[in-house]
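Below is one structure; the comments refer to it alone.
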Amino acid sequence: MLAVIRSIENGGAYEARFERTWDHSVASVWAMLTDNEQLAKWFPELRVDDLRVGGSFKFDMGGGSAEQMEILALEPLAVLAYTWAEDRVRFELAEKPEGCRLTLIERIARITDHTPRDLAGWHVCLDVIAALLDGRAVESRKALWEKEYEAYKRLIERVRAGAGD
């Protein structure tokens, strides 16, 4: 299921919302987001440096360069939010009878030509987390990403045309 994208702040920014419900405990899903060993399995460029409000994640951009992302909110087993350049990423977890509902909300300061790439990336990350939690292998992240990228390009075109809300 694609993210839902809506304009916020009188059209000055956007919000992309991904929702997934998995048959796994909140603790298992939380570990995927905050434990460096688990993070490396689905997002090897990302690592926790200091897991606290005001602490940081580090995104390895390759070639020896990295971006620090400040942790803005942290409620163990419930909320994790951090900066991502001028955007904001927020994960919310909720216990459900069937397991855990994860909501990923990305506040996008402005839509660019790179936005569909990023959204497709988050979509695939969530698919990979689900596969890892289920003990399944992911054959080709690239093939998954390419399929989702095309869908997100179309979605962003509709958003830009004012029909994506």
Side-chain angles (χ1 to χ4, degrees), residues 1-6 14-49 51 56-69 71 77-85 87-108 111-160 164:
M1 180 165 60
L2 292 180
V4 174
I5 302 174
R6 66 183 185 95
Y14 293 84
E15 177 183 276
R17 179 180 291 263
F18 300 82
E19 289 195 13
R20 302 289 189 273
T21 300
W22 295 321
D23 185 25
H24 296 280
S25 70
V26 168
S28 296
V29 176
W30 182 255
M32 296 300 277
L33 303 176
T34 60
D35 177 276
N36 282 330
E37 188 175 311
Q38 299 301 318
L39 264 171
K41 295 176 184 177
W42 65 274
F43 204 148
E45 300 85 5
L46 192 63
R47 69 174 288 105
V48 177
D49 271 354
L51 190 60
S56 64
F57 276 76
K58 185 181 288 183
F59 179 70
D60 182 350
M61 299 174 69
S65 103
E67 183 175 327
Q68 290 290 125
M69 300 175 314
I71 297 173
L77 304 175
V79 175
L80 173 64
Y82 47 88
T83 61
W84 193 293
D87 298 336
R88 303 291 179 262
V89 175
R90 181 180 178 93
F91 294 91
E92 298 175 354
L93 304 181
E95 190 171 340
K96 293 292 180 187
E98 61 274 21
C100 176
R101 182 184 67 230
L102 175 140
T103 304
L104 165 56
I105 304 161
E106 182 175 13
R107 183 194 172 282
I108 302 166
I111 299 286
T112 69
D113 291 340
H114 204 271
T115 301
R117 294 177 168 282
D118 294 339
L119 295 173
W122 281 123
H123 189 111
V124 170
C125 283
L126 295 177
D127 288 350
V128 171
I129 290 171
L132 290 167
L133 288 167
D134 290 345
R136 294 181 284 115
V138 175
E139 294 302 317
S140 171
R141 290 181 193 208
K142 183 179 181 195
L144 284 173
W145 181 86
E146 287 170 351
K147 175 181 157 242
E148 298 305 337
Y149 174 59
E150 291 304 317
Y152 281 103
K153 278 196 328 190
R154 290 188 298 275
L155 179 59
I156 291 301
E157 287 170 11
R158 291 194 311 270
V159 167
R160 283 181 160 163

Please report the shortest heavy-atom distance between [X] and [Y], naming the atom on each side.
{"X": "V26", "Y": "A94", "value": "CG2-C, 3.9 Å"}
{"X": "R141", "Y": "V128", "value": "NH2-CG1, 3.3 Å"}
{"X": "E19", "Y": "R101", "value": "OE1-CD, 4.0 Å"}

Quiz item: With a cut-off of 6.0 Å (strictly less than), are more than 12 heavy atoms of other residues, nucleotides or ligands near CD of E139?
Solution: no
Quiz item: Does E95 CD have over 12 foreign heavy atoms under 6.0 Å away?
Solution: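 Atom CD in E95 is not crowded, with 12 or fewer foreign heavy atoms closer than 6.0 Å.
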Value rounded to 0.5 Å, distance of [atom1] in [X] from [atom2] in [Y]:
{"X": "R90", "Y": "L104", "atom1": "CZ", "atom2": "CG", "result": "11.5 Å"}
{"X": "L132", "Y": "S28", "atom1": "CG", "atom2": "OG", "result": "12.0 Å"}
{"X": "W42", "Y": "M32", "atom1": "CH2", "atom2": "CE", "result": "7.5 Å"}
{"X": "E92", "Y": "R17", "atom1": "CD", "atom2": "CZ", "result": "6.5 Å"}
{"X": "E157", "Y": "I111", "atom1": "CD", "atom2": "CD1", "result": "12.0 Å"}
{"X": "D23", "Y": "C100", "atom1": "CG", "atom2": "SG", "result": "10.5 Å"}

Practice problem: List for me each residue that meets ring-ring contact (aromatic ring centres under 6.0 Å, His included) alongside W145, sequence neighbours excluded, and say none if there are none. | Solution: Y149
Quiz item: For F18, which residues count as a ring-ring contact (aromatic ring centres under 6.0 Å, His included) partner, sequence neighbours excluded?
Solution: none
Answer yes or no: is there a side-chain heavy-atom contact under 4.5 Å between [X] and [Y]?
{"X": "R88", "Y": "T83", "answer": "yes"}
{"X": "F91", "Y": "W30", "answer": "no"}
{"X": "I129", "Y": "L102", "answer": "no"}
{"X": "L155", "Y": "L119", "answer": "no"}
{"X": "L77", "Y": "L93", "answer": "no"}
{"X": "F57", "Y": "L80", "answer": "yes"}

With sequence neighbours left out, what residues match [X] under side-chain hydrogen bond (donor to acceptor under 3.5 Å, both in side chains)?
{"X": "E150", "result": "K153"}
{"X": "D134", "result": "H24, R136"}
{"X": "D127", "result": "none"}
{"X": "R107", "result": "E9"}

Quiz item: So, the side chain of E106 versus the backbone of D87: is there a donor-acceptor pair under 3.5 Å, distance only?
Solution: no
Quiz item: Donor-acceptor pair, Y152 side chain versus A3 backbone, under 3.5 Å?
Solution: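 It does hold such a pair.
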Practice problem: Can you label the angle between the F43 ring and the W84 ring as parallel, tilted or perpendicular, going by 30° and 60°? | Solution: tilted
Practice problem: Begin with the C-alpha distance, continue with both residues' side-chain angles, and end with the deciding distance and a verdict on side chain to side chain contact (heavy atoms under 4.5 Å, CB included) for L46 and Y82. | Solution: CA-CA 12 Å; L46 192 63; Y82 47 88; 3.8 Å; yes
Exercise. Just do the side chain to side chain contact (heavy atoms under 4.5 Å, CB included) check on E15 and V4 with the steps written out, would you?
Key: CA-CA 8 Å; E15 177 183 276; V4 174; over 6 Å; no
Exercise. Scan Q68, M69, R47 and name whichever one has a side-chain contact (heavy atoms from CB on, under 4.5 Å) with S56.
Key: Q68
Practice problem: Using the salt bridge (Lys or Arg N to Asp or Glu O under 4.0 Å) rule, take D113 and R160 through it: C-alpha gap first, then chi angles, then the decisive distance, then the call. | Solution: CA-CA 11 Å; D113 291 340; R160 283 181 160 163; 3.3 Å; yes
Quiz item: Can W22 and L126 be said to form a side chain to side chain contact (heavy atoms under 4.5 Å, CB included), step by step?
Solution: CA-CA 11 Å; W22 295 321; L126 295 177; 4.2 Å; yes
